[in-house]
2 protein chains.
Amino acid sequence: MQLDKIVSYHKALADPTRIKMLILLADGELNGQVLAEKLSVTPATITHHAAKLRETSLINERRDKNTIYFSLNDYFIKNNANATVQLIYRSVKEGENMMDEKHILVKQSVIRNFFTTDGKLKSLPSQLKKKLIVLENIVAKLEYGRKYSEKEINDFIKQFHDDFATIRREFIMHQFMFRENEIYVMNPQEMWARWETLS
Amino acid sequence: MQLDKIVSYHKALADPTRIKMLILLADGELNGQVLAEKLSVTPATITHHAAKLRETSLINERRDKNTIYFSLNDYFIKNNANATVQLIYRSVKEGENMMDEKHILVKQSVIRNFFTTDGKLKSLPSQLKKKLIVLENIVAKLEYGRKYSEKEINDFIKQFHDDFATIRREFIMHQFMFRENEIYVMNPQEMWARWETLS
DNA sequence: TATCTAATTAGATATTTATTAAATTAAATA
DNA sequence: TATTTAATTTAATAAATATCTAATTAGATA
């Protein structure tokens with residue numbers, strides 16, 4: 001029954017250590033030892049919490065040799081443009097009242113670092129959070145509601161970067177756009193959800 | 001610190017009795033005795049849970065003589081347009097109650113009208129509410145968590161209707177599924193945020 | 001093979017919390 | 001005033017859970 005899923009979901013987020021884990025992971029993947037160190041708990045405690053977060057699909061895991069790297073589940077980022085995610089993205093280690101301005105500064109800094117002065121994209125950041133800022137900055141220049149052909153999208157992206165195929169794929173993967181029958185449209189939710197999440 | 005607020009918020013929603021209370025209150029205000037009766041707990045338990053919901057501003061109270069009526073907090077309604085609230089409201093808007101079977105009849109009626117006896121879709125309803133019922137009924141037959149190629153999705157849909165392209169687009173548009181890089185997956189939220197499946 | 005490292009499991013403990021019965025409070029009414 | 005009704009508080013209990021230490025597992029490497 002879906003009631004249990006709702007309760008499990010909120011239980012997963014109803015613990016300060018787990019929220020802190022998510023905040024740390026929002027900055028990039030980390031393994032158990034490092035999480036334990038940063039949160040001042042033992043690795044066993046991390047295992048315990050990771051299990052809870054995994055059960056509700058909030059994190060992913062990747063194994064490299066005998067180290068397991070945890071990361072935020074993209075789903076979580078995409079579908080939770082609410083206060084919790086805002087906290088996870090803003091709060092972090094800095095002071096709390098600076099968060100709003102701080103985040104805008106971060107965003108401006110990312111844009112400054114990854115775009116040339118005449119608006120071309122130098123390269124796509126590998127860090128998820130920065131990548132989303134870059135993609136958002138590009139997609140925001142599309143006309144909302146308009147349908148684009150694949151060629152139009154390619155031409156549009158080429159204004160910013162030659163590798164239009166990669167960026168077009170990122171739009172779809174991160175749901176900045178939908179594609180159907182070779183026609184591309186912006187995700188309508190994009191207009192507010194993404195902004196809430198990132199700004 | 002803001003972290004505590006977030007944790008408290010999720011703790012408040014991390015209990016089945018409290019979620020049920022909110023679902024009941026979404027239908028209109030109720031007093032403690034009635035809530036206790038409907039939820040099969042004692043009034044003392046309602047007092048306990050009401051305190052938790054009040055602490056996180058999820059409910060309001062109104063006194064009339066010596067009866068206290070609880071209701072959902074407007075703030076909660078307006079500022080929590082997330083899956084949990086949507087579920088709480090959806091269940092009410094459809095005249096649905098956890099103990100009530102009326103919504104199942106509505107769904108069965110739609111399914112009877114739009115599907116043939118051997119499970120084929122006659123046509124896609126134009127009315128949104130009915131369309132969602134139909135789409136839900138189809139998508140529920142997919143394996144949760146499995147990744148499907150475009151061809152697999154097409155073949156799957158063709159079991160129900162020839163116009164797989166339209167239906168596939170509807171899946172994406174209404175976010176019953178995600179597509180990433182030619183691979184389709186069910187929206188994980190589907191598991192609990194949308195209507196419960198028939199079967 | 002033996003050893004090292006990261007992660008998990010098992011067991012124990014302390015804390016939180018959901019629930020109830022019983023006592024108490026607060027307000028209305030006969 | 002005495003009674004009734006709804007809600008709360010109190011005290012007790014049971015269940016869940018967060019955390020730790022110690023032991024164990026799984027992989028990689030010397």
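Sequence lines set the chain letters: A, B, ... in the order given, protein chains first and strands last, and positions in each chain run from 1.
For the pair A:Arg54 CZ and C:dT8 C1', the computed distance is 10 Å after rounding to whole Å. Straight-line distance from the CD1 atom of B:Ile68 to the C1' atom of D:dT5: 12 Å, rounded to whole Å. Here C:dA7 presents its P atom at 13 Å from CD of A:Glu37, a figure rounded to the nearest Å. In this structure, A:Leu35 atom CG and C:dA7 atom P are separated by 9 Å, rounded to whole Å. What separates CZ of B:Phe70 from C1' of D:dA7 is a distance of 8 Å, to the nearest Å.
Applying the 4.0 Å criterion to OP1 and OP2 of D:dA7, one finds that B:Thr47 has every side-chain N and O outside that range. Residue B:Gln33 places no side-chain N or O under 4.0 Å from the OP1 or OP2 atom of D:dT5. OP1 or OP2 of D:dC20 sits under 4.0 Å from a side-chain N or O of A:Thr42. Under 4.0 angstrom from either OP1 or OP2 of C:dT5 there lies no side-chain N or O belonging to A:Thr67.
In terms of modelled atom types and a separation under 3.5 Å, the side chain of A:Ser8 and the main chain of A:Asp4 share a donor-acceptor contact. Panel note: side chain B:Arg62, backbone B:Thr67; no donor-acceptor pair is recorded below 3.5 Å. In terms of modelled atom types and a separation under 3.5 Å, the side chain of A:Ser40 and the main chain of A:Ala36 share no donor-acceptor contact.
Side-chain contact, B:Thr166 with B:Asp163: a donor N or O sits under 3.5 Å from an acceptor N or O.
Within a 6.0 Å sphere centred on CD of A:Glu37, heavy atoms belonging to other residues, nucleotides or ligands number 12 at most. More than 12 heavy atoms of other residues, nucleotides or ligands sit less than 6.0 Å from atom NZ of A:Lys122. The neighbour count for A:Asp162 CG, taken as heavy atoms of other residues, nucleotides or ligands under 6.0 Å away, does not exceed 12.
Checked against C:dT19, C:dT8, D:dT8, the side chain of B:Thr45 finds its nearest nucleotide in C:dT19.
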| task | Determine, for nucleotides 22-30 of chain C in 5'-to-3' order, which nucleotides have protein heavy atoms under 4.0 Å from the base (write B), from only the sugar-phosphate (write S), or from neither (write -). | result | -----BSS-
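Aromatic ring centres of B:Phe160 and B:Phe156: separated by under 6.0 Å.
You'll find the side chain of B:Phe70 stays beyond 4.5 Å of the side chain of B:Asn31, heavy atoms only. The side-chain heavy atoms of A:Asp155 and A:Phe164, taken from C-beta on, include no pair separated by under 4.5 Å.
A pairwise comparison of heavy atoms in B:Leu39 and B:Thr17 identifies CD1-O, 4.1 Å as the closest pair.
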Table of protein N/O atoms under 3.5 Å from nucleotides 11-17 of chain C N/O atoms:
| unit_1 | atom_1 | unit_2 | atom_2 | d |
| --- | --- | --- | --- | --- |
| C:dT17 | OP1 | B:Lys11 | NZ | 3.2 |

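Rounded to 10°, the helix from C:dT1-D:dA30 to C:dA30-D:dT1 has 0° between the axis fitted to its first five pairs and the one fitted to its last five.
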